[in-house]
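Read the structure below first, then the notes.
By convention in this document, chain letters (A, B, ...) are assigned in the order of the sequence lines, proteins followed by strands, and residues within each chain are numbered from 1. All figures in this text were calculated on a predicted structure; none of them were measured in a lab.
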Amino acid sequence: MTEQNAPETAENEYDVAAIQEKWLPVWDELRPFASGKPGDERPKKYVLDMFPYPSGDLHMGHAEAYALGDVISRYWVQKGFNVMHPIGWDSFGLPAENAAIKRGLDPKGWTYDNIAQQKSSMRRYACSFDWDRVLVTSDPSYYRWNQWLFLEFYNKGLAYRKNSNVNWCPSCQTVLANEQVVQGLCERCDSVVTKKALTQWYFKVTDYADRLLDDLDTLEGNWPSKVLSMQRNWIGRSHGADVQFEIEGRTEPVTVFTTRPDTLFGATFMVVAADSALAAELAADSNPEIQSAFVKYLEMVKQSNDIERLATDRPKTGVDLGRFAINPVNGEKLPIWASDYVLADYGHGAIMAVPAHDQRDFEFAKAMNLPIRTVVDIKDENGVSIDPAVGEAPTTGSGTLINSGPLDGLAKDVAIEKIAEILQAEGKGKKTKNFRLRDWLISRQRYWGTPIPIIHCGNCGEVPVPADQLPVLLPSAEGLDLKPKGTSPLGGAEDWVNVACPKCGIAAKRDTDTMDTFVDSSWYFLRFLSPNSDEVAFPVEEAKAWAPVDQYVGGVTHAILHLLYARFVTKVLHDLDYLDFEEPFTRLLNQGMVLMGGSAMSKSRGNLVALSEQLDEHGVDAVRLTMSFAGPPEDDIDWADVSPAGSAKFLARAWRTANDVSSPVDIDFVAGNAELRKATHSFLRDFGPLIEGFKFNVGVAKIMELVNALRKAIDGPAGSGDAAVREAAETVAKALSLFAPYTAEDMWQKLGHTPGVALAELPEADLSLLVESSIVAIAQVDGKVRDKFEVSVDISESDLRDLAMSSEAVKKAIGDKQVANVIVRAPKLVNIATK
RNA sequence: GCCUCCAUAGCCCAAUGGCAGAGGCAGACGACUUAAAAUCGUCAAAGUGUGGGUUCGAGUCCCACUGGAGGCACCA
């Protein structure tokens with residue numbers, strides 16, 4: 001065998017699989033991302049990825065999320081921070097239970113098998129997690145503190161039980177929070193959600209509505225504006241007034257909420273929610289025909305689901321209750337109707353109807369032939385007054401009050417203030433506000449969740465489980481019927497349900513419902529501070545040092561639910577003196593979804609891309625790099641549009657440059673090739689701000705640019721021994737370690753360094769290398785480029801102006817036009833404006 | 001119905017109000033090779049969805065429209 005024919009040695013070949021195998025055990029030993037070392041003086045930073053639900057192995061969506069979270073986390077490690085980047089599993093919940101029912105297994109086994117699988121995939125994926133900080137919400141050591149949290153809320157009066165019409169999923173056979181009903185469908189199984197009257201546990205999130213809304217302002221600029229606007233929308237604060245109406249034949253007045261108290265003189269009837277207690281009472285005291293008509297109507301209303309109820313073209317229906325309310329400002333008798341267009345659980349479940357100035361009231365008045373009285377004069381574009389009483393539509397804008405006694409002649413906004421004063425003075429109303437947000441329904445009639453730590457006693461009523469008896473362990477699933485049947489499977493665990501009352505000792509029963517898993521995830525970021533503590537949920541001092549989370553990374557699917565609940569719980573814990581901050585997540589990045597062929601991946605669509613296959617085919621680094629390079633992180637990635645093979649090709653190209661560096665490891669860079677040094681340092685200047693601004697795709701492009709310059713230098717006159725070549729190659733290895741840790745580590749070793757490129761800091765850019773002595777200035781005429789010339793960077797404005805004015809090309813462009821203005825931006829540009 | 005966001009080469013995407021191109025994919029051509037792959041190199045390709053406006057100057061700011069994505073919705 002001759003020298004020329006020698007096969008390529010492994011040393012010159014970028015062997016992805018071998019590199020991955022090589023570095024995993026080294027990192028296990030090195031543990032570069034441990035954050036709890038005593039005496040660690042580095043400044044702290046808390047970077048958190050939303051923890052996964054263990055529903056199988058990791059998928060492409062996880063791969064994107066963790067690739068991007070890792071870029072941020074590794075960036076701060078490299079900047080010299082003590083970064084806490086933990087991981088856990090949100091492991092209670094319905095999928096485990098449903099899988100268990102389907103296969104006749106214990107949900108526990110299924111869950112923990114999946115966790116083991118995901119954990120091993122995360123290790124292979126080179127996630128920079130601190131493996132000393134791991135939690136699993138279905139572990140008793142976690143949910144014990146979930147129960148603690150519940151009791152803290154309970155003792156503060158923020159957890160309570162009430163009977164009301166709740167959202168019910170007939171397929172999951174459990175109640176749902178408002179937030180889990182999407183377009184009238186169950187967010188999990190897409191069944192049509194119905195209503196059911198049940199006694200359920202709630203957290204009083206409405207007590208915090210104002211703060212949850214107002215504090216969003218403090219997140220402006222650090223959270224995606226989309227999420228802020230979604231949360232504002234969801235909380236939905238309206239300002240208006242409560243107005244009291246006397247009811248004929250009833251001692252108590254009825255209060256209504258309105259955002260338009262100025263239109264009070266235009267009220268021609270009142271409407272109460274058909275499914276409210278008030279409607280039933282008013283009907284019951286009316287004559288028998290009305291009573292039976294009401295009962296019939298109510299029956300119809302109860303049978304309709306949200307899909308029908310929300311249809312926009314649905315005609316208005318209702319029943320005249322034969323009762324009358326008295327308008328507090330003019331003593332008029334207003335007929336009272338019951339209808340389903342008024343909601344029982346918003347405001348007071350009753351409204352004053354002003355058909356002239358409200359779309360829904362207008363439709364109802366037309367349908368029921370009720371009077372319409374115009375009290376706000378609004379002119380059309382021709383200056384003619386629009387009168388809804390004789391027209392086809394109500395007017396809802398601003399105008400001048402008419403037919404309104406003391407309000408006549410006032411503008412809408414002034415009238416709102418004036419009427420509020422009048423009502424307040426007479427004790428018949430006051431300014432107030434209302435929220436779209438409802439209290440958080442947290443009980444579920446399912447098995448695989450945190451048992452609610454309450455005991456129901458015939459003598460004592462609700463009795464909290466004493467702290468020293470926590471956790472209330474979930475009974476074994478063995479022998480329990482997990483099939484959904486409308487009541488909790490825990491009811492079947494008789495040994496577990498029947499206990500002595502902790503207060504009086506008589507036979508009592510445990511609460512058999514479990515908690516919504518969103519309770520588990522509403523505070524998990526605090527548990528990472530001491531994931532194994534038996535003493536506390538989280539240590540207050542550690543929370544002061546580490547929390548709030550500096551950078552949170554996750555999908556926009558949680559823009560309302562999870563983030564709102566976590567914000568709420570944080571505020572409560574703040575008020576209980578456990579935390580010194582009020583917002584849990586200082587900065588938020590929402591990554592997009594990974595699509596395939598234009599739509600979300602799903603088995604039924606047949607467009608599923610298996611992460612494990614992508615990793616086998618292209619390697620971990622190529623997949624990670626593709627996730628970062630595809631585009632802005634918040635945009636969706638269509639896997640059909642991107643090229644992991646191209647990423648792999650680039651990584652091999654970068655890797656080879658390390659092979660080609662022939663200078664000693666301690667060479668002084670100062671003597672290196674000036675052009676390449678300039679490329680390296682302009683990269684160093686740009687890279688950090690790009691990463692901090694989440695412009696990962698641009699950051700990767702800059703690395704590619706540097707690699708191209710480096711390749712040219714190696715193959716060109718500078719050669720492999722040039723000091724700048726080493727400087728550039730080391731810079732590439734360090735920067736690449738955020739995106740492609742295996743390749744970067746291997747480059748680092750080839751460059752003669754000891755393993756641990758993740759901890760190697762990128763140097764500051766030497767700006768003196770970037771100073772240009774000359775620059776190409778452009779001369780424009782009316783904004784169009786007409787000439788260019790090389791000028792000194794410190795050319796004076798007048799010199800540059802003279803240079804431009806004397807250019808032949810410029811003179812030609814001006815022609816015989818008159819020069820109106822000359823803008824000079826030395827040293828870059830002159831623009832000559834002509835008349 | 002109300003409220004956000006988006007639109008740049010065939011494709012994915014860059015561009016502090018100042019020469020539309022940083023980077024990549026796909027493509028063409030060349031070098032290397034007996035040949036191919038790999039590698040290295042060169043090239044071609046949009047005037048920024050449409051119509052107005054502000055400005056010395058607009059992809060960028062404002063208005064309207066078209067198309068697309070998302071959120072809220074009988075919330076008084």
Side-chain angles (χ1 to χ4, degrees), chain A residues 8 13-14 182-183 224-238 240-241 256-261 263 271 273 309-314 316 339-343 345-354 357-361 363-364 434-438 556 559-560 592 625-626 629-632 634-638 640-647 649-650 652-653 656 686 690 695 697-708 711-712 714-715 776-788 819-825 828-835:
Chain A
E8 290 268 297
E13 217 174 284
Y14 177 67
V182 180
Q183 304 283 302
S225 52
K226 184 181 172 182
V227 175
L228 295 175
S229 102
M230 282 167 74
Q231 291 226 351
R232 289 190 178 108
N233 224 330
W234 185 262
I235 296 168
R237 180 165 58 198
S238 326
V256 305
F257 173 74
T258 175
T259 55
R260 292 295 303 277
T263 62
V271 186
R309 207 175 58 79
L310 293 173
T312 44
D313 53 352
R314 188 165 187 249
K316 292 277 181 290
S339 174
D340 64 350
Y341 87 89
V342 171
L343 307 175
D345 58 352
Y346 182 77
H348 305 281
I351 61 155
M352 65 177 209
V354 184
H357 306 295
D358 181 275
Q359 183 66 38
R360 299 146 301 181
D361 297 347
E363 286 167 18
F364 193 80
N434 249 298
F435 297 90
R436 217 193 66 92
L437 183 72
R438 309 294 151 86
V556 73
I560 297 173
L625 186 76
T626 302
F629 184 55
E634 57 274 14
D635 288 4
D636 289 344
I637 299 172
D638 192 329
D641 286 340
V642 296
S643 173
S647 299
K649 204 169 108 179
F650 162 71
R653 180 174 157 90
R656 280 194 303 271
D686 296 342
L690 286 171
K695 296 178 155 225
N697 54 328
V698 185
V700 172
K702 296 280 177 201
I703 303 177
M704 290 174 167
E705 217 178 330
L706 183 57
V707 168
N708 289 344
R711 182 77 258 161
K712 243 183 200 140
I714 292 169
D715 296 340
V776 174
I778 58 170
Q780 300 175 326
V781 177
D782 292 326
K784 289 201 176 69
V785 179
R786 297 299 182 184
D787 205 357
K788 301 180 185 186
V819 174
N821 195 5
V822 180
I823 311 294
V824 185
R825 294 281 179 273
K828 283 168 72 179
L829 168 139
V830 179
N831 189 20
I832 298 147
T834 65
K835 269 182 192 157

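- The nearest pair of heavy atoms linking A:Met352 to A:Pro261 is CE-CA, 4.5 Å.
- Residues passing the side chain to side chain donor-acceptor pair (under 3.5 Å) test with A:Asp782 are A:Thr834, sequence neighbours excluded.
- Contacts of A:Thr263 classified as side chain to side chain donor-acceptor pair (under 3.5 Å), with partners at least two apart in sequence or in another chain: none.
- Taking atom P on both B:G41 and B:G23, the two are 13 Å apart, rounded to the nearest angstrom.
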Where do N or O atoms of nucleotides 56-60 of chain B meet protein N or O atoms at under 3.5 Å, pair by pair?
from: B:C56; atom 1: O2'; to: A:Asn831; atom 2: ND2; distance (Å): 3.3
from: B:C56; atom 1: O2; to: A:Asn831; atom 2: ND2; distance (Å): 2.3
from: B:G57; atom 1: O4'; to: A:Asn831; atom 2: ND2; distance (Å): 3.4

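- Residues that satisfy the side-chain contact (heavy atoms from CB on, under 4.5 Å) test with A:Val776, not counting sequence neighbours, are A:Lys788.
- Spacing between atom CD1 of A:Ile560 and atom P of B:U4 amounts to 16 Å, rounded to whole angstrom units.
- The distance from atom CD of A:Glu705 to atom P of B:G24 is 9 Å, rounded to the nearest whole Å.
- Look at B:U42: its Watson-Crick or wobble partner, with both distances under 3.5 angstrom, is B:A28.
- Nucleic acid contact for A:Arg438: base, since at least one base atom lies under 4.0 Å from a heavy atom of the residue.
- In the set B:A73, B:A76, B:G24, the nucleotide with an atom closest to the side chain of A:Thr259 is B:A76.
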Distances under 3.5 Å between protein N/O atoms and the N/O atoms of nucleotides 40-44 of chain B, please, pair by pair.
from: B:C40; atom 1: OP1; to: A:Arg653; atom 2: NH1; distance (Å): 2.8
from: B:C40; atom 1: OP1; to: A:Arg656; atom 2: NH2; distance (Å): 3.2
from: B:G41; atom 1: OP2; to: A:Arg653; atom 2: NH1; distance (Å): 3.3

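- In this structure, A:Ile778 and A:Tyr341 both approach RNA chain B, and ranking their closest nucleotides by distance from the 5' end singles out A:Ile778.
- With sequence neighbours excluded, the residues that form a ring pair (Phe, Tyr, Trp, His ring centres under 6.0 Å) with A:Tyr341 are A:Phe364.
- Considering CG of A:Leu625 and CD1 of A:Ile703, their distance stands at 7.5 Å, rounded to 0.5 Å.
- Using a 4.0 Å heavy-atom criterion, one finds that A:Val700 contacts no nucleic acid atom at all.
- Scored by the side chain to side chain donor-acceptor pair (under 3.5 Å) test, A:Lys695 finds no partners at all (sequence neighbours excluded).
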Contact letters for nucleotides 7-15 of chain B, in which S counts primed atoms plus P, OP1 and OP2 and B counts the base, heavy atoms under 4.0 Å
----SSSSS
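- Atom CZ in A:Arg260 sits about 17 Å away from atom C1' in B:C74, given to the nearest Å.
- Distances were taken from every side-chain heavy atom of A:Asp358 (C-beta onward) to each of B:U4, B:A76, B:C72; the shortest belongs to B:A76.
- Taking 4.0 angstrom as the limit, A:Ser647 places none of its side-chain polar atoms (N or O) nearer than this to OP1 or OP2 of B:G24.
- Applying the side-chain contact (heavy atoms from CB on, under 4.5 Å) rule to A:Asp345 yields the partners A:Leu343, A:Arg438; only residues at least two apart in sequence or on another chain are considered.
- Between the CD1 atom of A:Ile637 and the C1' atom of B:G24 there is a distance of 14 Å, given to the nearest Å.
- Spacing between B:U66 and B:U54 at atom C1', rounded to whole Å, works out to 23 Å.
- With P as the reference atom, B:C61 and B:C5 are 11 Å apart, rounded to whole Å.
- For A:Asp636, the side-chain contact (heavy atoms from CB on, under 4.5 Å) criterion is met by A:Met593, A:Leu595, not counting sequence neighbours.
- With contacts defined as side-chain heavy-atom distances shorter than 4.5 Å, the pair A:Asn708/A:Arg653 qualifies.
- The gap from the P atom of B:U50 to that of B:A73 amounts to 36 Å, rounded to the nearest Å.
- Atom CZ of A:Arg436 and atom C1' of B:C3 are 13 Å apart (whole Å).
- Interface remark: the A:Lys784 side chain does not form any donor-acceptor pair with the B:C19 base, using a distance-only criterion of under 3.5 Å.
- Remark: C1' of B:C72 and CG of A:Leu437 are 14 Å apart, rounded to the nearest angstrom.
- Considering only residues two or more places apart in sequence or on other chains, A:Phe257 meets the ring pair (Phe, Tyr, Trp, His ring centres under 6.0 Å) condition with none of them.
- For the P atoms, the distance from B:G30 to B:G67 is 47 Å, rounded to whole Å.
- With the nearest nucleotide of RNA chain B identified for both A:Lys788 and A:Ser225, A:Ser225 has the one nearer the 5' end.
- Across B:G70 and B:G57, the matching P atoms stand 39 Å from one another, rounded to whole Å.
- Legend: residues meeting side chain to side chain donor-acceptor pair (under 3.5 Å) with A:Thr626, ordered by chain and number and at least two apart, are A:Ser647.
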